[in-house]
Amino acid sequence: MKRLSVTDRVAEVCAWIESGRARELRMNSGITQSEMARTCEVTQAAVLRWERNERRPRGRNALTYHKALSRLAAREREAA
């Protein structure tokens, strides 16, 4: 599988946020917002705002969030 560019990863995570897929991936995996926040090294409030599409992760946070969500999506595909 082709590795996405930084721009593509940020665009993908923003699309996941807008569609609700980010929250869905986290919840289907049984991960709390607090656990996701620890993984991304941000506050639980930041994850809450991202999932509500009130804010967007930027820079390193966007890439870290994308990496975490990509792992969850991969697990979901493997389980299917």
Completion exercise
Rounded to the nearest 0.5 Å, the OG1 atom of Thr43 sits from the CD atom of Gln33 at a distance of 10.0 Å
Handout entry: Separation between NE2 of His66 and CD1 of Ile17, rounded to the nearest 0.5 Å
Key = 10.5 Å
Practice task
Can you label the angle between the Trp50 ring and the Tyr65 ring as parallel, tilted or perpendicular, going by 30° and 60°?
Solution key: tilted
Handout entry: Side-chain heavy-atom pair Glu41, Arg60 within 4.5 angstrom cut-off
Key = yes
Exercise for the section: In sequence, state the C-alpha distance, the side-chain angles, and the governing distance for Arg26 and Glu35, and then conclude on side chain to side chain contact (heavy atoms under 4.5 Å, CB included). Expected result: CA-CA 10 Å; Arg26 179 187 59 75; Glu35 291 168 331; over 6 Å; no
Handout entry: Side chains of Asn61 and Thr64, donor plus acceptor under 3.5 Å
Key = no
Exercise for the section: Test Arg23 against Trp16 for side chain to side chain contact (heavy atoms under 4.5 Å, CB included), laying out the working first. Expected result: CA-CA 8 Å; Arg23 182 175 188 267; Trp16 286 341; over 6 Å; no
Exercise for the section: Examine distances only and state if a side-chain atom of Ser29 and a backbone atom of Ile31 form a donor-acceptor pair shorter than 3.5 Å. Expected result: no
Practice task
Could you please spell out the steps behind the side chain to side chain contact (heavy atoms under 4.5 Å, CB included) verdict for Leu25 and Arg21?
Solution key: CA-CA 6 Å; Leu25 283 167; Arg21 181 74 172 134; 3.4 Å; yes
Practice task
Heavy atoms only: give me the nearest Ala62-Pro57 pair and the separation to one decimal.
Solution key: CB-O, 3.5 Å
Handout entry: Arg55, CZ: over 12 other non-hydrogen atoms inside 6.0 angstrom
Key = no
Handout entry: side chain to side chain contact (heavy atoms under 4.5 Å, CB included) between Glu18 and Arg56, intermediate numbers included
Key = CA-CA 10 Å; Glu18 288 175 15; Arg56 299 280 175 86; 2.6 Å; yes
